[in-house]
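Here is how names work: the chains are called A, B, and so on, in the same order as the sequence lines, proteins then strands, and each is numbered from 1. Scope of the values below: all heavy atoms of this structure, side chains included, with no hydrogens, waters or symmetry mates.
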Amino acid sequence: MSLPLFDTEPQPAQPLAEGAVLLRGWAARQDAAWIATVRQVLAQQPLQAAFTAGGRPMSVRTSNCGEWGWAAAGLRGYGYTRSDPLSGRPWPAMPTFLQQQAQALAAQAGYPGFDPDVCLINAYAVGARMGLHHDADERDKAAPIVSVSLGLPCHFVWGGLQRSDPVRSLRLEHGDVLVWGGASRMVFHGVRPLPAGQHHLLGAERWNLTFRMAQRPYRG
DNA sequence: TAGTATCT
DNA sequence: ACAT
């Protein structure tokens, strides 16, 4: 993968835990391209309200692109589907820019061969949050998760392999990329209620893109 | 248990 | 603890 990630030198990668790497600002240099590309996806697959397995509303709104998508509306519960259960239409294809950036970022974090079949887009308005959970619906737990933050900063909660483990909180800002896999793959995590603010490109919103391998086997 | 309510 |  030779696609340039930067036009200048990036901040060094920071290890967060075993298998987890924080790439601070690594999506900021090309943020206009990230945002324009996501807007193209949202024009085809608008953000929708999401619901927990118990039928309770979540505060984030979601969209997807890729062969698969994480559906959290119109199902009993949630899970990966090939099409939007509400519209019946297949999820839009993952734009090449997103696919290649996710591959390159994963490789940079020590996960060569990552080839996502899902990009889940979570949009946080002020006050939106995400409770402590782990990403458990993917078939091959050897594949990492690549998370890209855009827009307003948030307080990300990073726990352990058990829900009851102590958590730490770290601020994720526009352009930050967090990659977790290996021993950290099943770590519980979440997002505290989004503080009010204004971002010059996204206004009073945070977008989080998570690239996953939901159904493909991972050969690192 | 990707959420909330309701206990201690 | 609930309800999925």
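- Note on A/R212: a base of the nucleic acid sits closer than 4.0 angstrom, heavy atoms only.
- Remark: A/P166 engages no residue in a side chain to side chain contact (heavy atoms under 4.5 Å, CB included) (not counting sequence neighbours).
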Below 3.5 Å, can you tabulate the donor-acceptor pairs from side chains in residues 37-44 of chain A to any protein atom, sequence neighbours excluded?
{"from": "A/T37", "atom 1": "OG1", "to": "A/A33", "atom 2": "O", "distance (Å)": "2.6"}

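- Contacts between residues 114-149 of chain A and DNA chain C, defined by a heavy-atom separation under 4.0 Å, are absent.
- Partners of A/Q14 by side chain to side chain contact (heavy atoms under 4.5 Å, CB included), not counting sequence neighbours, listed by chain and number: A/L22, A/R24.
- Residue pairs meeting the ring-ring contact (aromatic ring centres under 6.0 Å, His included) criterion with at least one partner in residues 101-150 of chain A, sequence neighbours excluded, are A/H133-A/H189, A/H134-A/F188.
- Each of A/Y218, A/W68, A/Y80 was checked for a side-chain hydrogen bond (donor to acceptor under 3.5 Å, both in side chains) with A/E138, and the lone residue meeting it is A/Y80.
- No donor-acceptor pair under 3.5 Å is formed between the side chain of A/R82 and the backbone N or O of A/R89.
- Although no hydrogens or angles enter the test, the distance criterion places a donor-acceptor pair under 3.5 Å between the side chain of A/K141 and the main chain of A/A136.
- With rounding to whole Å, A/R163 atom CZ is found 13 Å from B/dT4 atom P.
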Which protein N or O atoms sit under 3.5 Å from an N or O of nucleotides 6-8 of chain B?
none

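- For the pair A/F51 CZ and B/dT4 P, the computed distance is 12 Å after rounding to whole Å.
- For the atom pair CG of A/N122 and CG of A/L209, the computed distance is 9.0 Å after rounding to the nearest 0.5 Å.
- Remark: A/Q48 engages A/Q45, A/D84, A/L86 in a side chain to side chain contact (heavy atoms under 4.5 Å, CB included) (not counting sequence neighbours).
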5'-to-3' dot-bracket of DNA chain C (Watson-Crick, G-U; under 3.5 angstrom; crossing pairs as [ ]; | other strand):
|||.

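- At a threshold of 4.0 Å, the pair A/R212-A/D117 does not count as salt-bridged, since none of the basic side-chain nitrogens sits closer than that to a carboxylate oxygen.
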Run the side-chain donor-acceptor check on residues 70-79 of chain A: report pairs under 3.5 Å with partners two or more places apart or on a different chain.
{"from": "A/W70", "atom 1": "NE1", "to": "A/D137", "atom 2": "OD2", "distance (Å)": "3.4"}

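- Among the protein residues, A/Y78 comes within range of the nucleic acid bases, having at least one heavy atom under 4.0 Å from a base atom.
- Remark: A/R129 pairs with A/S59, A/P193 by the side chain to side chain contact (heavy atoms under 4.5 Å, CB included) rule, at least two apart or across chains.
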Distances for protein N or O near nucleotides 1-4 of chain C N or O, under 3.5 Å:
{"from": "C/dT4", "atom 1": "O3'", "to": "A/A53", "atom 2": "O", "distance (Å)": "3.4"}

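- Only the C1' atoms considered, B/dT1 is 14 Å distant from B/dA5, to the nearest whole Å.
- If you take CG of A/L161 and P of B/dT1, they are 13 Å apart, rounded to a whole angstrom.
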Tell me which donor-acceptor pairs under 3.5 Å the side chains of residues 142-164 of chain A have, and how far apart each pair is, sequence neighbours excluded?
{"from": "A/S147", "atom 1": "OG", "to": "A/N208", "atom 2": "OD1", "distance (Å)": "2.8"}
{"from": "A/S149", "atom 1": "OG", "to": "A/R206", "atom 2": "NH2", "distance (Å)": "2.8"}
{"from": "A/R163", "atom 1": "NH1", "to": "A/L132", "atom 2": "O", "distance (Å)": "3.2"}

